[in-house]
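Following: one structure in structure tokens, then a few remarks.
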Amino acid sequence: MTMDFIRSMVRRDLKTGKHDGRVVTRFPPEPNGFLHIGHAKSLCLNFGIASEHPGGRCHLRLDDTNPDTEKAEFVEAMKRDIRWLGFDWGEHLYHASDYFEQLYRYAHLLVDRGLAYVDSSTEAEIRERRGSIAEPGVDSPWRNRSPGENRDLFLRMRAGEFPDGAHVLRAKIDMAHRNMVMRDPILYRIRHASHYRHGDDWPIYPMYDFAHCLSDSIERVTHSLCTLEFENNREIYDWLLEKVDAPRPRPEQTEFAPLVLDHLITSKSKLRPLVEGGHVRGWDDPRMPTLAGLRRRGVTPEAIRKLCEMVGVARTQSRVEMAKLDFAIRDDLNERAPRAFCVLDPLRVVLANVPEGKGRMVRAPRFPGRTPRTDGGEGTDAEGERALPLGRVVYIERDDFREDPPPGFRRLAPGGRVRLKYAAVIRCEEMVKDEGGRVVELRCRVETEAGGGGGRGGPVRAAIHWVEATSAAPAEVRLYDRLFAMPDPPLDDLAGALATGSERVVARALLEPRLAATGPGEHYQFERLGYFFSDPEDCREGRLVFNRTATLREGWSEEKSAGAGVPTEGESAAKPTTASSGGDGARGVGRGRETGGGDPELPTGEERERYDELVALGAGGATAITLARSPALREVFLAARPVFPEGAEAIAGWLANDVARLLGSDERSGLGRLAPKDLAGLARAVAEDELSHRQGRRLLEAILTEGGTLAELRATLDLEEIGDEAVLAPMIRELMEAFPGRVTAYRGGQRGLLGFFVGQVMQKTGGRADPRKASEVAAALLGRADEC
RNA sequence: UGGCCCGUCGUCUAAUGGCAGGACACCGGUCUUUGGAACCGGCGGUGGUGGUUCGAAUCCACCCGGGCCAACCA
């Protein structure tokens, strides 16, 4: 298993001792609804990471700072769902509302430091003055109240002296900040509402940005993992911890992409109207993407965890196809769901040559295809087989018989044969129809009793499920389909986007008799139909109710085998996608040409001037633009150029490519350490082949990260490179012997493999080989043998 | 008309600057008393342009595309 970027980070932090060797994560849901499959990813991540490190732990923290929407009922449901998924918070159950007192003191600290103020504007005024993404906000007229006045007002807010909305406490940051979150965010609001845990103790409630980071800090969380939409909030997270002098090491927020599944919505607030509007049976409706709904449908915790594992964790925004969930479900259920027969739409079949009352029992495997137990252990039969009664009258699936079979149809048709699975091969001799012409009964003859092959007339193409008429157990079977037909349902009109027929209730299906005693919550695979789960609420002896968890993978369909025309249409249907993406590409090329291809745009006149000047001084076109936009780099260039005027282009290149990279990737490095004359000297040495480009780069890196002059470092740094063919050639020959397959592939035309051999040499020599020479020697050796 | 983030097979996800790999889906085959499962094989990708480098998915620049942000929600 390869590690995701968060796990790598945790491991790195552990190694560097960043958090005193602790790993503490947390799962912080707001108890305003039910947990859904999107939460499962976060659960797997947070609890997973905690369990992967000795002493690691994951807190369950209810983020209950909004009394309007939160309920104890949701807390209980969340705890139940998390346990069901297989996670355990141990002693670490917390509530943000546990910290109300501490949070309130932190707020006072900010007030006293002049970093927070009471704003008496109306909600509309605050919104108005916040500005927009394009325009800066303006200061509130209440922004400069004295700390004393703020303190007094805030005290009185807490005392309940003011009505809702009269005042808010705001952080005093910057109303013109580019990040909207930083435009004096609201810390506290007045809300005279009963909190499900604290009743009417508090007339003021902290806002998310304020409560969240401080709750993490109070719990000494090390890694605060959240989804991508909180990226903008990281700045206020860090700002607040800094301004209240939160103890170090401080928790650090890292964002990852949420789990988004096609045809599903993963938003508690969008799910609630579906429940409250009566569009589904409840939060645990089997069609709901909630953990409770999935559980009721028969999806196992293992399947959900498997899905999360398959999906991984990254920062890329992504949509997962339902097929992946389906796979995870089937993969798990295939192993654990014993097979049974269920006929959803019964068609009566009379076996004419079976005498009345002359039934027999047939044996069928509970797990066909599973390697039979050979250890002879106790219970082998009971585990491995089931018994089915067979009599004169049976029911088969109406769909398994066609009066006019389409091409490719392998099941029963007039005059044709089919196998009653595990029991007998029958031939259809007669149809009985009602006045409406509807087939109501088939008269068949048993040709072969059980056994393999098909007896006379060659092999039978298909085996169908069936139940014996007198012993079959009636059951209600609920067939579920996706709640939304479109992959990306419109969040503003979910009720209108609901698919019709997402729940189909079959009132009287027939089950093989041993299932008559099924209790709630049992998994079965009804052969050829799918995976089913006896409803945990409604199923009991005497009233059997099953939910379809998932269908079987479809291997055949009438459309597919209806002729060659259809697949072709399918292909052409896929073409527009290809064409449109090609269109995008074409558009991009067109634009590029307009702006002069690789010649980057120079938006302002000032930059244009600098660019022209740099080009005149000898900087290359592509690098000049970089320097024109970076005053610091440009300054170094201007200072270094006179030292080595002929190397102007090289100097500019070093600056634009290598210095920019080092500055961007390593915070320890600093441009201040680089003397312009050293840069010029470096460029000259490389230009005159005193140093290889690689050596130059190593020197530059050393200067930027550790400091020192070029001369010093050239003397002290071990820059030696192995360029001797007498050393390199044997090494490469050895590699060629070790990887004969790659040699063949290289000679077969896979020239990219040269990089593999050079890379191996670089590794073997600890990076000290001269790669140019190594490449040369390797090419020669690989090529020479080619001629033999 | 801003700030931040993100672009690798259809989808999800890997690759200290050194073989672009895996999974799902799809297609084909073997096997099969589930048109299932299993097994084998195939298809298919680094958004674009330029630059740096012996070597770029990876570094630099620009362009294109996508996401998030203007609740007294979280």
Side-chain angles (χ1 to χ4, degrees), chain A residues 2 4 30 32 63 65-66 68-69 123 126-127 130-135 137 164-165 168 177-181 183 186 188-191 207-208 212 228-232 235 255 257 262 269 310-312 314-321 323-324 327 330 334 339 368-370 410 419 421-422 450 452 460 462-465 525 527-528 552-557 574 577 581 584-585 587-589 591-592 595 597-601 620-623 625-626 629 653 656-658 660-661 664-665 693-694 742 745 750 752-760 762-763 770-776:
Chain A
T2 52
D4 58 70
E30 183 191 10
N32 66 344
D63 204 355
T65 58
N66 181 359
D68 293 339
T69 54
E123 200 172 334
I126 289 176
R127 185 170 36 241
R130 188 149 31 220
S132 72
I133 52 172
E135 291 179 358
D164 287 3
V168 289
H177 205 286
R178 280 83 54 215
N179 183 352
M180 299 286 299
V181 173
R183 317 245 258 230
I186 293 168
Y188 269 92
R189 57 181 175 140
I190 298 171
R191 194 77 190 88
M207 304 292 291
Y208 167 85
H212 200 84
L228 249 27
E229 68 268 26
F230 291 98
E231 248 167 342
N232 296 322
E235 200 169 358
E255 309 86 24
D262 279 347
S269 58
M310 290 201 296
V311 162
R315 277 185 75 87
T316 317
Q317 46 160 290
S318 53
R319 295 190 72 83
V320 174
E321 291 176 328
K324 201 158 285 187
F327 173 84
R330 293 184 188 119
N334 181 44
R339 312 296 128 119
R370 180 179 285 187
R410 307 216 300 232
R419 183 188 305 277
K421 203 173 181 198
Y422 311 125
V460 192
I464 64 174
H465 58 281
Q525 186 205 95
E527 292 196 55
R528 306 206 306 125
L552 259 23
R553 200 162 148 263
E554 286 290 341
W556 178 88
S557 67
T577 318
S581 65
D584 286 351
R587 198 165 64 231
V589 169
R591 291 262 173 82
T595 59
D599 216 13
E601 281 181 82
T623 52
I625 181 80
T626 307
R629 286 184 176 170
N657 287 298
D658 301 83
R661 174 178 63 90
S665 65
H693 191 277
R694 248 167 59 85
R742 291 170 212 261
Q750 256 195 66
L753 250 25
L754 182 61
F756 165 76
F757 286 103
V758 176
Q760 288 290 314
M762 297 306 290
Q763 251 174 46
D770 174 357
R772 198 192 300 234
K773 192 69 189 169
S775 176
E776 210 173 279

Taking A/E776 first and then A/K773, would you say they form a salt bridge - that is, a charged N and a carboxylate O separated by under 4.0 Å?
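Looking at A/K773 together with A/E776, the answer is yes, because their closest N to O distance falls below 4.0 Å.
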
Pair A/R178 + A/E235: basic N to acidic O under 4.0 Å:
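Looking at A/E235 together with A/R178, the answer is no, because their closest N to O distance does not fall below 4.0 Å.
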
Identify whether a stacking contact exists between A/Y208 and B/A74, where the ring centres must be under 5.5 Å apart and the planes under 30° apart.
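Stack criterion not met.
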
Is it the case that the base of [N] and the side chain of [X] share a donor-acceptor contact (distance under 3.5 Å, atom types as modelled)?
| X | N | answer |
| --- | --- | --- |
| A/Q525 | B/U34 | yes |
| A/R661 | B/U52 | no |
| A/Q760 | B/G18 | no |
| A/N657 | B/G51 | yes |

State which of [options] makes the closest approach to the side chain of [X].
| X | options | result |
| --- | --- | --- |
| A/D4 | B/A74, B/A71, B/A14 | B/A14 |
| A/M180 | B/A70, B/A74, B/U8 | B/A70 |
| A/R694 | B/U34, B/C24, B/C54 | B/C54 |
| A/R772 | B/C54, B/C72, B/G10 | B/C54 |

Check for a donor-acceptor pair, side chain of [X] on one end and backbone N or O of [Y] on the other, with a separation under 3.5 Å.
| X | Y | answer |
| --- | --- | --- |
| A/R694 | A/D770 | no |
| A/N179 | A/N232 | yes |
| A/R183 | A/S132 | yes |

How close or far is atom [atom2] of [N] from atom [atom1] of [X], stated in whole angstroms?
| X | N | atom1 | atom2 | answer |
| --- | --- | --- | --- | --- |
| A/D658 | B/G51 | CG | P | 16 Å |
| A/E255 | B/A74 | CD | P | 18 Å |
| A/R528 | B/G36 | CZ | P | 11 Å |
| A/E229 | B/C4 | CD | P | 19 Å |
| A/R315 | B/A14 | CZ | P | 13 Å |
| A/R319 | B/G67 | CZ | P | 11 Å |
| A/K421 | B/G36 | NZ | P | 11 Å |
| A/E235 | B/G3 | CD | C1' | 9 Å |

Return the nucleotide paired to [N]: Watson-Crick means purine N1 to pyrimidine N3 with N6-O4 or O6-N4, wobble means G-U with N1-O2 and O6-N3, both under 3.5 Å.
| N | answer |
| --- | --- |
| B/A61 | B/U49 |
| B/G41 | B/C27 |
| B/C12 | B/G22 |
| B/G2 | B/C69 |

Is B/A57 syn or is it anti, if syn means the base angle is within 90 degrees of 0?
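Anti.
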
Distance-minimising heavy-atom pair for A/A463 and A/K421
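Heavy atoms only, the tightest pair is CB-CG, 4.0 Å.
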
Could you check A/V311 against A/R553 and say which one's nearest nucleotide on RNA chain B is further toward the 5' end?
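Its nearest nucleotide being more 5', the pick is A/V311.
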
Please figure out whether A/I190 or A/A323 has its closest RNA chain B nucleotide nearer the 5' end.
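The residue closer to the strand's 5' end, by nearest nucleotide, is A/A323.
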
Separation between the [atom1] atoms of [N] and [M], rounded to whole Å:
| N | M | atom1 | value |
| --- | --- | --- | --- |
| B/A14 | B/C24 | C1' | 15 Å |
| B/A20 | B/U32 | P | 40 Å |
| B/G10 | B/C62 | P | 29 Å |
| B/U13 | B/U46 | C1' | 13 Å |

Using a 4.0 Å heavy-atom cut-off, does A/G165 contact any base of the nucleic acid, only the sugar-phosphate backbone, or nothing at all?
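Result for A/G165 = base.
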
Residues A/R339, A/H465; criterion side chain to side chain contact (heavy atoms under 4.5 Å, CB included); working and verdict:
CA-CA 11 Å; A/R339 312 296 128 119; A/H465 58 281; over 6 Å; no

